[in-house]
Amino acid sequence: PTMHHAMFTLIKALADGVVWDNPLEDPKKKPWNTPEIVANCLLVLTLDPHHENLTNWELLTKLCVHLGNLDEHVREWTVTYLTKWPKSSLTQTVTLLHKIINNQLLAHRPRVEAIVRNCTKFLEVIYHANQRRSEATALDKSAFYNEAVNSGLDLNQQYFIWLHVVEYPESWPNQFTFCNYPFVLDAASKSKIICYEAQIEQHQQLERAMLQSYLRLTTPSPYLVVCVRRDHIVLDTVQQLTNKMDDLKKALKIVFFNEAGIDA
């Protein structure tokens with residue numbers, strides 16, 4: 001349609017001005033950072049339902065990068081706007097974002113972090129809008145799980161980066177990690193991260209106990225030792241865990257009362 005063609009031309013002209021090497025440029029200085037332009041951008045994203053036109057692919061990618069880099073006011077407007085969007089359009093846009101993220105991660109293309117970061121930020125906008133929608137019109141949470149992130153990404157490294165960003169924010173400014181966007185992670189991936197976190201904390205507890213013992217400050221056990229009677233396992237376990245809350249992240253060691261240990 002003529003209207004779509006004009007809109008497409010307008011958005012393409014704006015999109016050609018993307019500064020790829022500086023995606024965190026102040027969005028307030030950008031001409032497309034207005035509700036009117038955002039609404040037009042969102043409409044353009046739905047013009048090619050199956051994203052089969054390769055000529056449009058770079059444009060769609062640029063628009064998604066734009067939409068992930070909005071100022072706070074326009075971002076909130078976009079969330080509200082998307083709560084009223086047709087469910088089919090929402091599904092189509094989420095699918096497009098997943099395709100872009102997957103292609104960038106799997107192909108290891110240049111500027112991958114900038115593109116993936118902003119597309120994920122735009123996906124977050126849609127996720128927040130989805131949470132405000134009614135149950136009948138909302139997408140299932142699994143629609144936001146990303147295949148490439150959950151199947152091919154080093155999640156331990158993602159958690160390691162997140163941990164360092166939290167502990168040393170000045171040294172890791174604007175560092176991207178998917179751990180800040182947990183909605184893209186499925187249950188299995190979250191479980192892997194929790195296990196990795198537990199391993200790190202257990203190792204830290206062990207080092208701390210060894211250091212304190214070496215300095216003779218105290219002689220703490222590097223383990224969470226639970227001594228139980230076989231006929232009162234549940235009761236004894238609950239009572240002892242209640243009194244050892246500070247040791248819950250240590251490696252667990254079970255001792256049965258009045259029973260000598262036998263090495264396997």
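Starting from 1, each residue takes its place in the sequence as its number.
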Using only atom types and a distance under 3.5 Å, with no angle test, would you say the side chain of [X] pairs donor to acceptor with the backbone of [Y]?
| X | Y | result |
| --- | --- | --- |
| K244 | V225 | yes |
| N130 | I126 | no |
| N150 | D186 | yes |

Apply the side chain to side chain contact (heavy atoms under 4.5 Å, CB included) test between I115 and each candidate in T61, T120, L105; give the one that qualifies. T61
Which heavy atom in [X] sits nearest to a heavy atom in [Y], and how many Å separate them?
| X | Y | value |
| --- | --- | --- |
| D236 | C227 | CB-O, 4.2 Å |
| F257 | R229 | CB-CG, 3.9 Å |
| L45 | Q92 | O-NE2, 3.4 Å |
| L185 | K190 | O-CE, 3.2 Å |
| Q158 | T177 | O-OG1, 2.9 Å |
| R75 | V125 | NH1-CG2, 3.4 Å |

Basic-acidic side-chain contact under 4.0 Å: E147, K99: no
Are there over 12 heavy-atom neighbours, none belonging to [X], within less than 6.0 Å of that residue's [atom1]?
| X | atom1 | answer |
| --- | --- | --- |
| Y181 | OH | yes |
| K141 | NZ | no |
| K87 | NZ | yes |

What about [X] and [Y], same hydrophobic cluster or not, with Ile/Leu/Val/Met/Phe/Trp/Tyr joined at side-chain heavy-atom distances under 4.5 Å?
| X | Y | answer |
| --- | --- | --- |
| W85 | V79 | yes |
| I200 | V166 | yes |
| V228 | L241 | yes |
| I233 | V226 | yes |

Can you check whether [X] reaches [Y] side chain to side chain, under 4.5 Å on heavy atoms?
| X | Y | result |
| --- | --- | --- |
| K84 | R132 | no |
| P35 | V38 | no |
| R133 | L90 | yes |
| L224 | K253 | no |
| L63 | V44 | yes |
| I193 | C179 | yes |
| V149 | S189 | no |
| L82 | L42 | yes |

List the steps and the verdict of side-chain contact (heavy atoms from CB on, under 4.5 Å) for S142 and Y145. CA-CA 5 Å; S142 62; Y145 297 161; 3.7 Å; yes
First locate atom [atom1] of [X], then atom [atom2] of [Y], and finally report the distance between them rounded to the nearest 0.5 Å.
| X | Y | atom1 | atom2 | result |
| --- | --- | --- | --- | --- |
| T78 | L67 | OG1 | CG | 7.0 Å |
| L123 | I101 | CG | CD1 | 5.5 Å |
| I100 | N146 | CD1 | CG | 11.5 Å |
| L153 | L106 | CG | CG | 9.5 Å |
| T242 | Q240 | OG1 | CD | 10.0 Å |

Could you walk me through whether T80 and T83 pass side chain to side chain donor-acceptor pair (under 3.5 Å), step by step? CA-CA 5 Å; T80 304; T83 60; 5.7 Å; no
In chain order, what residues pass the ring-ring contact (aromatic ring centres under 6.0 Å, His included) check against F183, with sequence neighbours excluded? Y127
The ring-ring contact (aromatic ring centres under 6.0 Å, His included) partners of F256 (sequence neighbours excluded) come to none
V234: side chain to side chain contact (heavy atoms under 4.5 Å, CB included) partners, not counting sequence neighbours: V238
Which of parallel (below 30°), tilted (30 to 60°) and perpendicular (above 60°) describes F178 and F176? perpendicular
